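Take a look at the structure below.
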Amino acid sequence: MFMEYPFEKIEKKWQKIWAEKKIFDAEDFSKKPKYYVLSMFPYPSGALHMGHVSNYSIADAISRYKIMQGYNVMQPMGYDSFGLPAENCAIENNSHPRVTTDENIDIMRNQFDAIGFGLDWEREVSTCHSDYYRWGQWLFKRMYEKGLVYKKKSFVNWCDDCQTVLANEQVEDGKCWRCETVVRQKELEQWFFKITEYAEELLDFSKVINWPERVKTMQTNWIGKSFGTEMWFKLKDSDDIIKVFTTRPDTIFGCTFMALPPEHPLMIKWLEDEPEDSKLTKFCEKVMNEDKITRTSEDTTKEGIFTGRYALNPVNGEKVQIWVTNYVLMDYGTGAVMAVPAHDQRDFEFAKKYEIPIKIVIQNSEKSLILEEMTEAYIEPGILVNSAQFDGMESVASQKAITDWMTEQKTGKHTITYKLRDWGISRQRYWGTPIPIVYCEHCGTVLVPDEDLPVKLPEDVQLGKTTQNPLLSAKEWMNTTCPECGGGATRETDTMDTFVDSSWYFARYADAKNDKVPFDKKKADYWLPVDQYIGGIEHAVMHLMYARFFHKFMRDIGMVSSDEPFARLLTQGMVIKDGAKMSKSKGNTIDPQYIIDRYGADTVRVFMLFASPPEKDVEWSDEGVKGAFRFLNRVWRLFEENLELIKENVATKEREGTQSISSEIKELRYSTHHTIKKVLDDIENRMQFNTAIAAIMEHLNNIYGITEPEKLNDTDKAVYAEACAFIPRLLYFFAPHISEELWKLIGKENLVHEFGIPEYNPEYLFKDEITYVVQIMGKIRGKLEVPVDTSQEEIKKLALEIENVKKHLEGKEVKKIIVVPKKLVSIVAK
RNA sequence: GCGAAAGUGGCGGAGUUGGUAGACGCGCUGGAUUUAGGAUCCAGUGGGAGAGAUCCUGUAGGGGUUCGAGUCCCCUCUUUCGCACCA
């Protein structure tokens, strides 16, 4: 009967000891160097899922490694506990999000402890508690005072299912990132953060130490910087001006019409004078009501209607028709396009369809363009024609010349645009941070004074009775007095996007209990930036960009000194089962609790880390979990069977050398020291835990290769004991409980990490016999065992004497012999 | 369409500077043990030929550089991810 090692007893025991000794409590301003390991905090949806286990196992391995190295490590934990799902869940269960959220948090906290993660619970935060969101409101105010917050009526992304607004970043493929409902445009007044003010700095990644290229590229694309020209078109018969943005000022002389979206302010103005049933009005309404996917799909046919109005081309005064179209976006550039059908494919298609004139202004110098023969726009560079004084100029060079000239003429200017929009943070839902604003009939929009913060969420609200924001019906809460004039006022009922809460939590951990300010600057400067941040790739743009924005803002108002919040970023892969991400909706989840109960926390961790490198997805495998469990049992049994031998012979260096070491044991000694080197290198330099664990497994196999250790001589026994004793010290990062237990069993008094990082002896990595591979024309024909100091000439001679080599050289002439030191002999023969 | 990453046994994956491809684990096969099942232990395990030594072949496909290529270069295919009417 196979005895499973008593993981349950061991794990509980060591968790208790760690907690009692407070070894994971980070010390502010310690003399030791600091190391801040942070995992993205979880949304308290119920219990931990495998994705969490994967994320936190990686973080804990790094954390324990750094602790062992002697760093003052902070690994905090908290909960991103505001948000829609909690509210919806409460509505379904006829409960309150406060109750369900706090219940879930208790479950999760217990699970964290049951897996033995080394967390500093003294710093726990939960964003839905007023001692946290109070400071979110405080930061909102500072941002407001700095002119980075404004309220604006605009077309926003609206999710009918969530009954709220979404930021641009939260719309994926025209659908809500949470519930996949198709997003539609709705005109609403709402609050924005001026993230665009930081666009330029957000493009600069020079201050991060190690971020995946992928994430940097994704943010760079999202910000979407492009250089171009803004041109000012006067209207015929009006004083209005339409500004357009173009990256092709060289084509301005070829502009034959102008394209506007229905949302353009001028369009809206014109529509007021338009009969309700006119073609123009109907077209605009149709386009505006279209959902975002259809509207922005490339396959959607380009449609438009002539407004009957004209603009004047600023460079030659030509009349240009103004069309309203479905393919121009209001929220990019100036929201108006100068259309040059000859040199832009979209404009070309549109002009062909509606028979708008096409005018060639850039000639292909290799093959002249003929208007009648064109089937698509010519978008390549060329030579300017029909462009007045710029005729004959090369098109790329002309871009600057034309813009410079327009700048002189006061008809345009060089400009830069970004795809990045300001961050709309208003949410029309209950379960979020209240925006600290009141509206007074006399004083207008007024900030709630700092001393009145937090603006607490009213707990007694009617959830789910209406589809509208429950705060609107919390009359007692809504009606308040104006802090300035004392008169009647109403509170803002929008709450903040939960991404606001998660944009600064990493700083709050530095000083989580502060009730005077969000955090003490000295403490923040001691801990920040986060040395290693770990989380899912799905936050590449949203959370990670918002957090960088907040950090830079906090720096600018003197709250922190660093430029970036996260020095190193690791984006861990998802947990996959049956080819799909584990998720409740797909019904392919495995409950971590079940695995922990059956095999123990160490097994789950080892499996997760061993299955693949951290950035890659982990394929769930029941057999793989058993394999990890088997491995830990094999380790356990090794110690159990040889306990006395290991205990008596470990750290008895003085006995070494009294008898000569056998060659078999010499190899075991090599294995020990090689494994130490490999494991440390894999963690420190490569963050590749799968190969580190593989190396330990290999070493374990090597130890089992010694079949009767009790028959060894004293010297050999000492080496054998050492080979075993290093295992808990290396396995500690991945399977800390069993490691502590084994360490204790062999008579060690202190905790594993207190012995410091294991060191290998380079002398033992030195081999005095080297195997050379002998190749003839690249094919392996033999092997050669020689002493290290054998000369190259000697090696060549020996190689040629190998029987199989001789056979293959028969009838051939040896042209050259290449000896790669310590590796191989390559014979060139013909 | 554009951009990025990747493609290695039956599977997850090693292969760090061009130098023994397939470490380690799973699975599978044979054996030992066991009343049986499970578990454990030992041996084997890319494909093909051979009793064996050994030989041929093999890292998506094709070509190239090199004494030598999974690794470098060119082309093609496939997959994944991101962006996608951005003027």
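If you're wondering where the values come from, they're calculated on a predicted model, not measured in any experiment.
Note: Y332(A) and F245(A) have perpendicular aromatic rings, judged against thresholds of 30 and 60 degrees for the angle between ring planes. Ring-plane geometry between F350(A) and Y327(A) is classed as tilted, the angle between the planes lying from 30 to 60 degrees on a 0 to 90 degree scale.
Residue Q688(A) has a polar side-chain atom (N or O) positioned under 4.0 Å from OP1 or OP2 of A14(B). Contact annotation: H808(A) reaches the phosphate of C55(B) (side-chain N/O to OP1 or OP2, under 4.0 Å). For the pair R630(A) and G27(B), the criterion of a side-chain N or O lying under 4.0 Å from OP1 or OP2 is met. R634(A) has a side-chain polar atom (N or O) that falls below the 4.0 Å cut-off from OP1 or OP2 of C41(B). In this structure, N221(A) does not reach the A4(B) phosphate: none of its side-chain N or O atoms is under 4.0 Å from OP1 or OP2. Residue N633(A) places no side-chain N or O under 4.0 Å from the OP1 or OP2 atom of A39(B). Proximity of N690(A) to the phosphate of C24(B): no side-chain N or O atom is located under 4.0 Å from OP1 or OP2. Between R686(A) and G15(B), a side-chain N or O to OP1/OP2 separation shorter than 4.0 Å is present. Residue R781(A) places none of its side-chain N or O atoms closer than 4.0 Å to OP1 or OP2 of U54(B).
Ion pairing between K359(A) and E318(A) holds under the 4.0 Å rule for side-chain N and carboxylate O. Salt bridge E623(A)/K626(A): present, at least one basic N to carboxylate O contact under 4.0 Å. Salt-bridge check for D682(A) with K678(A): passed, with a basic side-chain N closer than 4.0 Å to an acidic carboxylate O. Here E803(A) pairs with K806(A) in a salt bridge; the nearest charged N to carboxylate O distance falls below 4.0 Å.
Separating the CD atom of E698(A) from the P atom of G15(B) is a distance of 12 Å, rounded to the nearest angstrom. If you take CZ of F689(A) and P of G12(B), they are 22 Å apart, rounded to a whole angstrom. Going from atom CG of L609(A) over to atom P of G12(B) covers 19 Å, rounded to whole Å. Atom CD in E640(A) sits about 15 Å away from atom P in U40(B), given to the nearest Å. In this entry the distance linking NZ of K626(A) with P of G38(B) reads 11 Å, nearest Å. Taking atom CD of residue E803(A) and atom C1' of nucleotide C55(B), one finds them 17 Å apart after rounding to whole Å. Regarding K677(A), its NZ atom lies at a distance of 14 Å from the P atom of U16(B), rounded to whole Å. Here the C1' atom of nucleotide A87(B) and the CD atom of Q399(A) are 13 Å apart, to the nearest Å.
Minimum atom distance to the side chain of E623(A) is reached by G27(B), of the listed G27(B), G25(B), C67(B). Picking from G27(B), G25(B), A87(B) the nucleotide with the shortest atom distance to the side chain of V337(A) gives A87(B). The listed nucleotides are U54(B), C67(B), G19(B); the one nearest the side chain of V820(A) is G19(B). With C55(B), C81(B), C86(B) as the candidates, the nucleotide lying closest to the side chain of K419(A) is C86(B). The side chain of L824(A) has G19(B) as its nearest neighbour among G19(B), G13(B), C55(B). Relative to the side chain of Y332(A), the nucleotides C26(B), C85(B), A87(B) differ in distance, and A87(B) lies closest. Closest approach to the K779(A) side chain among A87(B), A14(B), U57(B) is made by U57(B) (side chain taken as heavy atoms from C-beta onward). Side chain of M697(A), nearest nucleotide from C67(B), G25(B), A23(B): G25(B). Checking C85(B), U20(B), C86(B) against every side-chain atom of V773(A), the shortest atom distance belongs to U20(B). Residue L329(A) has its side chain nearest to A87(B) when only A23(B), A87(B), G19(B) are considered.
If you take atom C1' in G7(B) and the same atom in U59(B), they sit 9 Å apart, rounded to whole Å. Taking atom P in both U33(B) and G37(B), the straight-line distance is 13 Å, to the nearest Å. Look at the C1' atom in both G19(B) and A69(B): the space between them is 10 Å, to the nearest Å.
Backbone-only engagement by T246(A) is indicated by non-hydrogen atom pairs under 4.0 Å involving sugar-phosphate atoms exclusively. Residue contacts for I780(A): at a heavy-atom cut-off of 4.0 Å it reaches the sugar-phosphate backbone alone, with no base atom in range. Residue contacts shown for D331(A) are absent, as no nucleic acid heavy atom lies under 4.0 Å away. No engagement by T771(A) is indicated, since no non-hydrogen atom pair under 4.0 Å with the nucleic acid exists. Looking at heavy-atom distances under 4.0 Å, V541(A) makes no contact with the nucleic acid at all. Among the atoms of the strands shown, only primed sugar atoms or phosphate atoms (P, OP1, OP2) are found under 4.0 Å from some heavy atom of R214(A). Counting non-hydrogen atoms under 4.0 angstrom, G627(A) reaches the backbone sugars and phosphates but no base. Within 4.0 Å (heavy atoms only), Q219(A) reaches no atom of the nucleic acid at all. Nucleic acid contact for D347(A): none, since no nucleic acid atom lies under 4.0 Å from a heavy atom of the residue.
Nucleotide C2(B) has G82(B) as its partner under the Watson-Crick or G-U criteria, with both atom distances under 3.5 Å. Pairing of C41(B), defined by two Watson-Crick or G-U wobble distances under 3.5 Å, is identified with G31(B). Base-pair partner of G46(B): U57(B) (Watson-Crick or G-U wobble, both distances under 3.5 Å). Across all strands shown, G7(B) forms a Watson-Crick or G-U wobble pair with C77(B), both key distances being under 3.5 Å.
Listed for the N588(A) side chain is a donor-acceptor partner under 3.5 Å among the backbone atoms of K577(A).
Checked against a 6.0 Å centroid threshold, the rings of Y354(A) and F257(A) do not count as neighbours.
Put simply, the side chain of K678(A) and the base of U16(B) share a donor and an acceptor less than 3.5 Å apart. Between the side chain of K783(A) and the base of U20(B) there is at least one donor-acceptor pair of N/O atoms closer than 3.5 Å. Taking only distance into account, the side chain of K815(A) never meets the base of C67(B) through a donor-acceptor pair shorter than 3.5 Å. Contact annotation: side chain of Q775(A) to base of G19(B), donor-acceptor pair present below 3.5 Å.
Classification of G37(B) as anti follows from a glycosidic angle more than 90° from 0.
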Derivation of the side chain to side chain contact (heavy atoms under 4.5 Å, CB included) call for I738(A) and F7(A) | CA-CA 7 Å; I738(A) 190 174; F7(A) 58 86; over 6 Å; no
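Cation-pi geometry between R548(A) and F205(A) is met: under 6.0 angstrom from the ring centre, within 45 degrees of the axis.
Place M777(A) and G624(A) on RNA chain B by their nearest nucleotides, and G624(A) ends up nearer the 5' end.
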